[in-house]
Amino acid sequence: MTFFLLTRNLLALKTSRYYTSATVFDSPFNLLHFLNLSSTHESLRLTKQAHARVFFLGFTQSPFLASKLLSLYASFGHSTESKIVFDSVKDKNVYLWNTMINGYLKSYSYVEAFDLFCKMGGSNVKPDDFTLATVSKVAGEIRDLVAGKLVHCHSIKTGFVLDIVVSNSLISMYGKCGEFEGMKNVFDEMCERNVGSWNALISGYSNSGDWRMVKNLWEVVKNMQLNGMKLDGFTISSLLPLSGGEGTWGCSYGRELHCYILKNELDSGIGSDVHLGCCLIDMYSKSGKVSMGRSVFDRMGFRNVYAWTAMINGYIENGDFEEALILFQKMQLNDGIEPNKVSLVSVLPGCSSYAGLVAGKQIHGYTIRKELTSDVALCNALIDMYSKCGSLNSARRVFDKGLFRKDAISWSSMICGYGLHGKGEEAISLYNQMLLLGDKPDMITVVGVLSACGRSGLVNEGLHFYNTITNEYGMKPTVEICACVVDMLGRSGQLDQALDFIETMPVEPGPSVWGALVNASVMHGNIELQELAHRFLIHLEPENPSNFVSLSNLHASSKRWDVVAGLRKMMKEKGLKKAPGCSWISINGKTHCFYVADKAHPLSALIYEMLDDLIFIMKGAGYPIDFKESSPITSC
DNA sequence: CTAGGGTTAG
């Protein structure tokens, strides 16, 4: 009795000096409490101390202590230590095997997990329902259908397929492997189902990427409710991503799901609110309703790095770079939350388009301090940021010196960077290097190298690459790739060849193709071709105001004011408004934005004075000045 | 006393 009281009191103690007083922990029972304390405090140090006591006192053969220790090490991602504990126990029970397999699963060592399951088959311990559920998940994670079917067979033979959790895991596994028929069969053959069974099915369909299955999902959800199941947080978060952006569902279902959350108070459960909040923010951002996302964000009771990142990313995706950067700072200053690699990847485009090189360099510095330089996605984002901020050398330094495994995006980012700055030769040499190393180019890489060729006038080289991707790499050219070819031919003045290409190219010409032809014909003053290309453009994109504005400018330059007036009227009737273009500059961390003839800036008088001075100096130096574009500024 | 499924920002 006193002993029991003693341990209970010890559990209540939070001061660390009691943890190290080893004498009171010297029984297996108390050692277990010691391990539990290590677990609740998530302390690797305490775990190691407890391990030392277990070893020192000779309890290494206790399966109870060993499995607890093992799972603790696994939770810290130290699977080597887990394996040492596992191997040291001579008489292993099923718990120990399961904990070890689960430990590998938690540290993403899927192959090791499955190998251990195979070894278990050769031992005297038989897999149980827990084992089968775990390895089923393993098979799903590595998308290994053969392994998954093996587990399924084993579950049928042993009868564990009747266990709901085992069947749920099998449903999930089949879904992840893309075997939807198998998935449905397991689901249909279950004699008893719970919410998890429906959720596994729904998540399988929703991640299929196949809109026919996604379309049927709403029916599945209705069936679920007819069968007396209530949607829970898991269900909603599988469904929400289907309701934003290019999803086949549109936003109305998204709002409906939001209402369901509020009505059923799914947002007030412990821990589930952050998650659902993230999904909602993302859904609204992808539907272009970033302010709705913001109100969800503002109402969240607790915000973690996921929530902040979702909100930052929402602003970036909707082009509000300023607000994204403000939030990025607030996250750190107000909530003391450190950004992770995803937050950094999300915020970097804000540097390239808004905050500029200095902010980008700060993030790069942070990346180095936090030792995140081995992350491909982050390095790719840095390469992109540097080249868009005009610092090609820095981009190249990240590309060359970064300790990350280059993927197609890394090559594309660097190649596009060279293209952006008119360095076609460098882009070509890098593209050749990529091919030489055996890395397969994707659509984006090809677009990068072709547009680089186009901008640098390397037409023959570009056409050569275009031919090789179809002949040697068996790639089907996309509309974007074809637009690059049109742009390339057009820029170099080969307008007839560009038109011929459009007529014979393997895909239907889209707005980007006709847009390229418009640019080229403007550049070379070919009025007929301009009108032709514009007609196709407006036919394909009747709602894009840019097309009307550029067509109207074309007619204005030939003084066809009647046509101009007609076009302006048409735009007004359609309710089309073009967002005015603007320029900006960052000085001392503050970004100043300017529109045409803008006098809103407090120092605008001074700014225009400086502009006049510059124009005066330019004239003096004998530069030809084209006032067609800039006259509105000086005339103000 | 130890072990399992369905969700999460690029």
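Because the structure is a prediction, the values reported are computed rather than measured. FYI, side chains are in, hydrogens and waters are out, and symmetry mates aren't considered; it's all heavy atoms of this structure. Each chain gets a letter, A, B and so on, in the order the sequences are listed, and its residues count up from 1.
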Give [X] one of three labels, base, sugar-phosphate or nothing, depending on what nucleic acid heavy atoms sit under 4.0 Å from its own.
X      : result
A/V94  : nothing
A/S197 : base
A/D384 : nothing
A/S169 : sugar-phosphate

Once you round it to whole Å, what is the distance between [atom2] of [N] and [atom1] of [X]?
X      : N     : atom1 : atom2 : value
A/L239 : B/dT8 : CG    : C1'   : 15 Å
A/M331 : B/dA9 : CE    : C1'   : 11 Å
A/L37  : B/dC1 : CG    : P     : 15 Å
A/L242 : B/dT8 : CG    : P     : 10 Å
A/N93  : B/dT2 : CG    : P     : 13 Å
A/K286 : B/dT8 : NZ    : C1'   : 12 Å
A/F86  : B/dA3 : CZ    : C1'   : 13 Å
A/N318 : B/dA9 : CG    : C1'   : 15 Å

Exercise. Between A/N102 and B/dG4, is there a side-chain N or O to OP1/OP2 distance below 4.0 Å?
Worked result: yes
Exercise. Is the distance from OP1 or OP2 of B/dA9 to the nearest side-chain N or O of A/S346 less than 4.0 Å?
Worked result: no
For this session: Would you jot down, in residue-number order, the residues of residues 128-141 of chain A having a non-hydrogen atom under 4.0 Å from DNA chain B?
Result: A/D128, A/D129, A/F130, A/T134, A/K137
Problem set entry | DNA chain B contacts made by residues 176-187 of chain A, counting heavy atoms under 4.0 Å | A/K176
For this session: Could you grab the distance from atom CG of A/D232 to atom CE of A/M229, nearest 0.5 Å is fine?
Result: 10.5 Å
Any idea which of [options] is nearest the [X] side chain?
X      : options              : answer
A/E317 : B/dG10, B/dA3, B/dG6 : B/dG10
A/H275 : B/dT8, B/dA9, B/dG10 : B/dT8
A/D232 : B/dA3, B/dG10, B/dG6 : B/dG6
A/S172 : B/dG6, B/dG10, B/dA9 : B/dG6
A/V165 : B/dG10, B/dG6, B/dG4 : B/dG4
A/S203 : B/dG10, B/dG4, B/dT7 : B/dT7
A/S238 : B/dT7, B/dG6, B/dG4  : B/dT7
A/A310 : B/dT2, B/dA9, B/dG6  : B/dA9

Would you say [X] and [Y] make side-chain contact, with heavy atoms under 4.5 Å?
X      : Y      : answer
A/H154 : A/T158 : yes
A/Q329 : A/L325 : no
A/S123 : A/K92  : no
A/L201 : A/M183 : yes

Exercise. Is A/K330 positioned over the aromatic face of A/F328, cation under 6.0 angstrom from the ring centre and no more than 45 degrees off axis?
Worked result: no
Exercise. Is the NZ or CZ atom of A/R193 both under 6.0 Å from the centre of the six-membered ring of A/F187 and within 45° of that ring's axis?
Worked result: yes
Could you pull out every donor-acceptor pair under 3.5 Å between side chains of residues 130-138 of chain A and any protein atom, sequence neighbours left out?
residue : atom : partner : partner atom : Å
A/T131  : OG1  : A/N98   : OD1          : 2.7
A/T131  : OG1  : A/D128  : N            : 2.9
A/T131  : OG1  : A/D128  : O            : 3.4
A/T131  : OG1  : A/D128  : OD1          : 2.7
A/T134  : OG1  : A/F130  : O            : 2.8
A/S136  : OG   : A/S169  : O            : 3.2

Exercise. Can you list every salt bridge (charged side-chain N to carboxylate O under 4.0 Å, His left out) pair that touches residues 373-388 of chain A, not counting sequence neighbours?
Worked result: A/K341-A/D375, A/D384-A/K388
Problem set entry | Under-3.5 Å donor-acceptor pair between A/Y95 side chain and B/dT2 base | yes
For this session: Check if the side chain of A/N98 and the base of B/dG4 share a donor-acceptor pair of N or O atoms closer than 3.5 Å.
Result: no
Identify each donor-acceptor pair in which a side-chain atom of residues 107-116 of chain A lies under 3.5 Å from a protein atom, sequence neighbours left out, and give them as a table.
residue : atom : partner : partner atom : Å
A/S107  : OG   : A/G103  : O            : 3.0
A/S107  : OG   : A/Y104  : O            : 3.3
A/S109  : OG   : A/S107  : O            : 3.4

For this session: Look at the aromatic rings of A/H78 and A/Y73 and report parallel, tilted or perpendicular, splitting at 30° and 60°.
Result: parallel
Exercise. Parallel, tilted or perpendicular for A/Y205 and A/F180, by the 30°/60° rule?
Worked result: parallel
Exercise. Taking both distances under 3.5 Å as the test for a Watson-Crick or G-U pair, what stems of at least three pairs does DNA chain B have?
Worked result: none
Exercise. Crowded around A/Y366 OH? As in, over 12 foreign heavy atoms under 6.0 Å?
Worked result: yes
